[in-house]
Amino acid sequence: MSQLSVLLSLTGLFFFISSTSGSGSSVPYPVACVTRGADLVEDGVEVLCPPDCTQWRAPVFGTGIYASVSSVCGAAVHRGVLGRSGGPVRVHKLQGRHNYMSSYAHGIQSQALSRWTASFSLTKPINVPLELTSETSTTSLSAAALPAKKPLRKPSVKKALTGGNKDCQMDIAMVIDSSNNIGQRRFNLQKNFVTKLAAMLRVGSTGPHIGLIQASDSPRTEFLLTNYTQPKELLFAIKELAYLGGDTNTGKAIMHAVETFFTQETGARRGHPRVMMVLIDGWPSDDLERAAMLARESGINVFLVSVAKPAPEELAMVPDKDFMKKAVCKDNGFFSYSMPSWFSTTKHVKPLAQKLCSLDSLLCSKTCYNSVNIGFLIDGSSSVGEGNFQLVLDFLAGITRIFDVSDVGARVGAVQFTYDQRLEFGMFDHSNKEDSINALRRIPYMNGGTATGAAISYATQNLFRRTGPGRNFLIVVTDGQSYDDVRLPAMAAQRQGITMYSVGVAWAPLDDVKAMSSEPKESHAFYTREFTGLAELIPLLVRGVCRDFTEN
């Protein structure tokens, strides 16, 4: 019988054992090198891997979290929880996910995979109950050294890690120092600090997402923003990071994060502020200026955390003494943080977490696409007509589609008017783009007269009474002469900080269109003879909003 047949027979034997035994047994089940995660029936099962699985070229997909099509024993060697001599390992079943990362570790090259239906992670079997271990401690404690019931009665760390922090809905890339400069001992202290910081931030589906890159000779992506959205998985992944050594090429790592981390394909969320926290022990080996400029242009808030600043006698060795100023989003003291050493970092965890979650203080991530409140004032008078009214709604939906509407991004609201006014939906009624566009398309045509001045006052008082932190814009679309004055209501709205754009169609008088618009009139007033021409104005209006946002 061939060796492969023997291994497959062992796999079959495992299926029989696992289907007839409970997972509570402390005896690991023997498996073959080719046994996949998908072949395991139970969650949390302890298996016994044979030696020399690296010789079988068993397929492994992913890094840290592995697609269930992967070899369990091959993944265990790749992860570092198992040596080439084999041994026991515990397998934890997880949901499927996107973007399994490839990497080379411990003699095994894992492969990338765009998605798979199920996943698994691996840990070394331990005898100490999970409730008696701290998620952030770097010191192992025996079961005899701990009270038996106190941790169950007061699981302070466990409580801190449940759920997501809704007040910190950021996408955060952590760039850590893995160079020769930091050394193995301080690298472990850095991991301990990052673990505590991640615990304080509290990742989750409604909270921050965290990815991590190691800076060395070449940057290495350890995990993406969506690879670990549960706190325990994330903290375990950080603890398992392997020290690389090499130069402190922080600029390369920042550039790598900018180019690969904040895309929708790799898990970045639309409308969510982008944050990069960069840890440097001493000083960088390469230039940060170009990478930092690219980060700023990409809307990424760069925080630089410097530990153990260069001593006076070391300053001559630093290529750029102003590297901190050049790396951060803005040199105002907010985006820079210093710690004297790695040996007293606990007191710095909370203030740094508060900085990373300070939405109102983040400057680089605020763009015209995710930091504006746009109100639509829609003419529903009888001269418009049902068919043309639908073209107006299509026009407004087209504008909305370009902005990052979300609960932490841009906001959209709408008022329709004739002689009367009707609030169709407010700025906080819909927290995503799709719902906002659907709400626009469902607006029923009112049919009546035209009192645009009163409508502007109504929108000012009702639509902008409660808005997000972004800048306020009101876009008025009308096709005819207003029966009341538009100048005074428009001036009052602009005094309240509302920038007004006017779009006249068909018989709308140009004098009224200009009178309603903010200064300079020629860039805030638009006109088209036909309703079908509205679509051509979409890019011009969006460009105008972005120009106003940037210049002011």
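Note that the coordinates shown come from a computational prediction; the quantities given were computed from them, not determined experimentally.
Of the possible donor and acceptor atoms, one in the side chain of Thr528 sits under 3.5 Å from a partner among the backbone N and O of Glu530. For Gln416 (side chain) and Ile443 (main-chain N/O), no donor-acceptor pair under 3.5 Å exists by modelled atom type. With hydrogens and angles ignored, the 3.5 Å screen pairs a side-chain donor or acceptor of Tyr445 with a backbone N or O of Gly385. In terms of modelled atom types and a separation under 3.5 Å, the side chain of Ser121 and the main chain of Ile65 share no donor-acceptor contact. Of the possible polar contacts, none joining the Asn165 side chain to the Gly207 backbone as a donor-acceptor pair under 3.5 Å is found.
Residues Met339 and Leu352 have side chains not in contact (no heavy-atom distance under 4.5 Å, counting atoms from C-beta outward). Residues Phe417 and Asp379 form a side-chain contact, since some pair of their non-hydrogen atoms from C-beta on lies under 4.5 Å apart. In this structure, the side chains of Leu225 and Thr266 stay at 4.5 Å or more apart for every pair of heavy atoms. At least one side-chain heavy atom of Arg495 sits under 4.5 Å from a side-chain heavy atom of Met491. Two residues are said to be in side-chain contact when any heavy atoms from C-beta on lie closer than 4.5 Å; Phe303 and Leu362 meet this criterion. Pro444 has its side chain within reach of Arg422: a pair of non-hydrogen atoms, C-beta onward, lies under 4.5 Å apart. Within the 4.5 Å cutoff, side-chain heavy atoms of Trp507 are placed close to those of Arg529. Put simply, the side chain of Ser358 reaches to within 4.5 Å of the side chain of Phe334, judged on heavy atoms.
Ring orientation note: the planes of His348 and Tyr337 are nearly perpendicular, at an angle over 60° on the 30°/60° scale.
The salt bridge (charged side-chain N to carboxylate O under 4.0 Å, His left out) check on Glu259 picks up nothing, with sequence neighbours excluded. Annotation: side-chain hydrogen bond (donor to acceptor under 3.5 Å, both in side chains) contacts of Asn99 (sequence neighbours excluded): none. Partners of Phe425 under the ring-ring contact (aromatic ring centres under 6.0 Å, His included) rule, at least two apart in sequence or in another chain, are His430. For Asp286, the salt bridge (charged side-chain N to carboxylate O under 4.0 Å, His left out) criterion is met by no residue, not counting sequence neighbours. Judged as a side-chain hydrogen bond (donor to acceptor under 3.5 Å, both in side chains), and not counting sequence neighbours, Asp331 has no contacts.
Here the CG atom belonging to Asp177 is positioned 10.5 Å from the CG atom belonging to Asn249, to the nearest 0.5 angstrom. In this structure, OG1 in Thr206 is found 6.5 Å from CD in Gln169, a value given to the nearest 0.5 Å. For the atom pair OG1 of Thr499 and CD1 of Ile374, the computed distance is 11.0 Å after rounding to the nearest 0.5 Å. The line from CD1 of Ile254 to CD1 of Ile213 is 10.0 Å long, rounded to the nearest 0.5 Å. Here CD1 of Ile280 is found 7.5 Å from CE of Met324. Values are rounded to the nearest 0.5 Å. The distance from atom CZ of Phe261 to atom OG of Ser298, rounded to the nearest 0.5 Å, is 14.5 Å.
The environment of Lys514 atom NZ is sparse: at most 12 non-hydrogen atoms of other residues, nucleotides or ligands sit within 6.0 angstrom. Within 6.0 Å of CD in Gln354 there are more than 12 heavy atoms belonging to other residues, nucleotides or ligands. Around the CZ atom of Phe531, the shell of radius 6.0 Å holds more than 12 heavy atoms that belong to other residues, nucleotides or ligands. When the shell of 6.0 Å around CD of Gln111 is examined, it contains more than 12 heavy atoms from other residues, nucleotides or ligands. Few gaps surround NZ on Lys521; more than 12 heavy atoms of other groups in view lie less than 6.0 Å from it. Atom CD of Glu519 has more than 12 neighbouring heavy atoms from other residues, nucleotides or ligands inside a 6.0 Å radius. Heavy-atom contacts from other residues, nucleotides or ligands closer than 6.0 Å to NZ of Lys191 number more than 12. Other residues, nucleotides and ligands place more than 12 heavy atoms under 6.0 Å from the CD atom of Glu386.
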Working note: Asn447 + Phe389, criterion side chain to side chain contact (heavy atoms under 4.5 Å, CB included); need CA distance, chi angles, decisive distance, verdict.
CA-CA 10 Å; Asn447 198 345; Phe389 187 76; over 6 Å; no
Evaluate the criterion side chain to side chain contact (heavy atoms under 4.5 Å, CB included) for residue pair Gln190 and Val307; output intermediate values, then yes/no.
CA-CA 10 Å; Gln190 177 184 221; Val307 186; over 6 Å; no
Worked check of side chain to side chain donor-acceptor pair (under 3.5 Å) between Ser502 and Ser517
CA-CA 6 Å; Ser502 302; Ser517 304; 3.2 Å; yes
Stepwise side chain to side chain donor-acceptor pair (under 3.5 Å) test for Thr221 and His256:
CA-CA 9 Å; Thr221 297; His256 176 73; 2.7 Å; yes
For a side chain to side chain contact (heavy atoms under 4.5 Å, CB included) check, start with the C-alpha distance between Tyr501 and Val545, then their side-chain angles and the critical distance, and finish with the verdict.
CA-CA 9 Å; Tyr501 282 85; Val545 168; 4.1 Å; yes
Residue pair Val203, His209: steps toward the side chain to side chain contact (heavy atoms under 4.5 Å, CB included) verdict:
CA-CA 6 Å; Val203 301; His209 287 180; 5.6 Å; no
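Shown are Leu356, Leu201, Leu359; of these, the side-chain contact (heavy atoms from CB on, under 4.5 Å) with Met170 is made only by Leu359.
Taking the six-membered ring wherever Trp is involved, the centroid distance between the rings of Phe236 and Tyr228 does not fall below 6.0 Å.
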Scan the side chains in residues 392-400 for donor-acceptor partners under 3.5 Å anywhere in the protein, sequence neighbours excluded, and list what turns up.
from	atom 1	to	atom 2	distance (Å)
Asp394	OD1	Arg441	NH1	2.5
Thr400	OG1	Leu396	O	2.9

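Side chains of Ser406 and His272: no donor on one and acceptor on the other come within 3.5 Å. Looking at Ser205 and Thr229, their side chains never bring a donor and an acceptor atom within 3.5 Å of each other. With no hydrogens or angles considered, a side-chain donor-acceptor pair links Tyr100 and Ser119 at under 3.5 Å. Between the side chains of Ser482 and Asp484, at least one donor N or O sits under 3.5 Å from an acceptor N or O. Remark: the Ser103 side chain and the Arg220 side chain contain no N/O donor-acceptor pair separated by less than 3.5 Å.
For the pair Arg274 and Phe262, the tightest heavy-atom approach, listed with the atom from each and the gap, is NH2-O, 3.4 Å. Taking each heavy atom of Gln481 and Pro509 in turn, the nearest pair found is OE1-CG, 3.2 Å. Listed here is the closest heavy atom pair of Thr418 and Gly448: CG2-N, 3.7 Å.
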